[in-house]
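Notes for the one structure printed next.
Remember, it's 1-based here, ligands and their atoms both numbered in the order they're listed.
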Amino acid sequence: MPKNSPTSLDPRSPLVLDTRELPRRPGALRTVERVVPAPSDLGVELIGVPEGADLDLDLRMESVSEGVLVSGTVSGPIRGECGRCLREINESVTVTIQELYAYENSTTDATTEEDEVGRMQGDLIDLEPALRDAVVLALPNNPLCRQDCPGLCPECGVHRDDLPADHSHQQIDPRWAGLSQLTRTEE
Ligand SMILES: [Zn+2]
Ligand SMILES: [Zn+2]
């Protein structure tokens with residue numbers, strides 16, 4: 001029984017790399033530079049690459065004895081929400097990819113697990129799983145509009161940036177009100 005599931009990759013799919021032009025001779029190289037639309041759900045709950053946004057692939061495919069090594073970078077915009085103040089986050093992310101895809105029926109194919117080393121399907125490589133892993137790993141778990149975002153006032157929901165430093169909703173205990181007036185007149 002064949003170990004690999006039957007080929008279902010579409011060579012025209014934007015995240016499928018076609019190695020037919022790449023000689024199966026160790027050291028042979030081809031570069032892949034293209035802009036592709038981001039697949040859906042490329043991200044985590046609060047932040048991610050919007051579906052259809054431009055992903056810039058800048059990759060090289062290199063033949064090695066047992067397969068093809070794909071390396072390079074992928075960059076694209078990320079959009080999300082600050083975990084503290086809900087302001088929109090508009091940034092970009094660049095991730096590094098380095099992934100070996102074993103030839104079908106190579107020794108590597110026979111001796112490794114598919115989650116250790118990627119697999120080629122015929123001449124095709126499905127880049128999406130590696131790309132997904134790399135992008136998701138690069139995203140912050142707790143995205144912030146800026147590192148020191150002070151967040152919102154829990155009482156009134158106004159951004160602390162827009163409030164005076166001594167902003168407070170503390171009700172002065174009526175028993176102390178007189179005293180507070182007293183201190184104020186002394187100032
Ligand atoms: Zn914020
Ligand atoms: Zn407030």
Side-chain angles (χ1 to χ4, degrees), residues 9-10 12-17 31-61 69-101 114-118 125-187:
L9 293 179
D10 179 357
R12 286 160 305 172
S13 165
L15 288 174
V16 169
L17 304 179
T31 54
V32 179
E33 282 172 24
R34 56 166 101 140
V35 178
V36 304
S40 58
D41 294 321
L42 185 57
V44 291
E45 199 184 334
L46 283 174
I47 195 160
V49 181
E51 182 175 357
D54 284 351
L55 280 182
D56 247 301
L57 308 190
D58 189 356
L59 302 170
R60 52 183 239 163
M61 307 189 291
L69 180 68
V70 175
S71 58
T73 58
V74 175
S75 17
I78 53 174
R79 204 141 303 153
E81 233 171 44
C82 175
R84 289 189 195 147
C85 74
L86 310 180
R87 274 181 184 166
E88 197 184 354
I89 298 176
N90 266 310
E91 283 171 22
S92 59
V93 70
T94 298
V95 297
T96 305
I97 287 189
Q98 186 167 45
E99 193 83 10
L100 176 66
Y101 296 89
E114 214 172 324
D115 53 5
E116 298 169 65
V117 180
I125 290 172
D126 182 11
L127 188 67
E128 188 169 332
L131 178 123
R132 229 168 239 291
D133 286 354
V135 169
V136 168
L137 212 68
L139 295 173
N141 286 323
N142 185 16
L144 297 174
C145 61
R146 56 171 212 264
Q147 280 315 305
D148 61 347
C149 172
L152 306 176
C153 168
E155 295 284 326
C156 63
V158 173
H159 201 286
R160 289 193 193 275
D161 277 354
D162 303 327
L163 294 169
D166 62 351
H167 173 75
S168 127
H169 294 266
Q170 240 163 39
Q171 297 292 329
I172 293 169
D173 189 313
R175 284 169 295 171
W176 297 104
L179 189 63
S180 125
Q181 224 126 49
L182 196 67
T183 18
R184 217 159 272 166
T185 33
E186 275 177 0
E187 265 166 17

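- Scanning for side chain to side chain donor-acceptor pair (under 3.5 Å) contacts around E91 gives an empty result, with sequence neighbours left out.
- Shortest non-hydrogen contact noted between L127 and L59 is CD2-CD1, 3.6 Å.
- Distances under 2.8 Å from the Zn ion (ligand 2) pick out the protein N/O/S atoms C153 SG, C156 SG, H167 NE2, H169 NE2.
- Atom CG of D161 sits in a crowded spot, with more than 12 heavy atoms from other residues, nucleotides or ligands closer than 6.0 Å.
- Of all heavy-atom pairs between G83 and N142, the closest is CA-OD1, 4.1 Å.
- The heavy-atom pair separating I47 from P140 by the smallest distance is CG2-O, 3.9 Å.
- Listed by chain and number, the protein atoms of type N/O/S under 2.8 Å from the Zn ion (ligand 1) are C82 SG, C85 SG, C145 SG, C149 SG; waters are omitted.
- More than 12 heavy-atom neighbours from other residues, nucleotides or ligands sit within 6.0 angstrom of CG on D162.
- Within the structure, every pair that satisfies the side-chain hydrogen bond (donor to acceptor under 3.5 Å, both in side chains) test and touches residues 47-61, not counting sequence neighbours, is listed here: R60-E62.
- With contacts defined as side-chain heavy-atom distances shorter than 4.5 Å, the pair Q98/L69 qualifies.
- Taking the side chain as every heavy atom from C-beta outward, C156 and H167 approach each other to under 4.5 Å.
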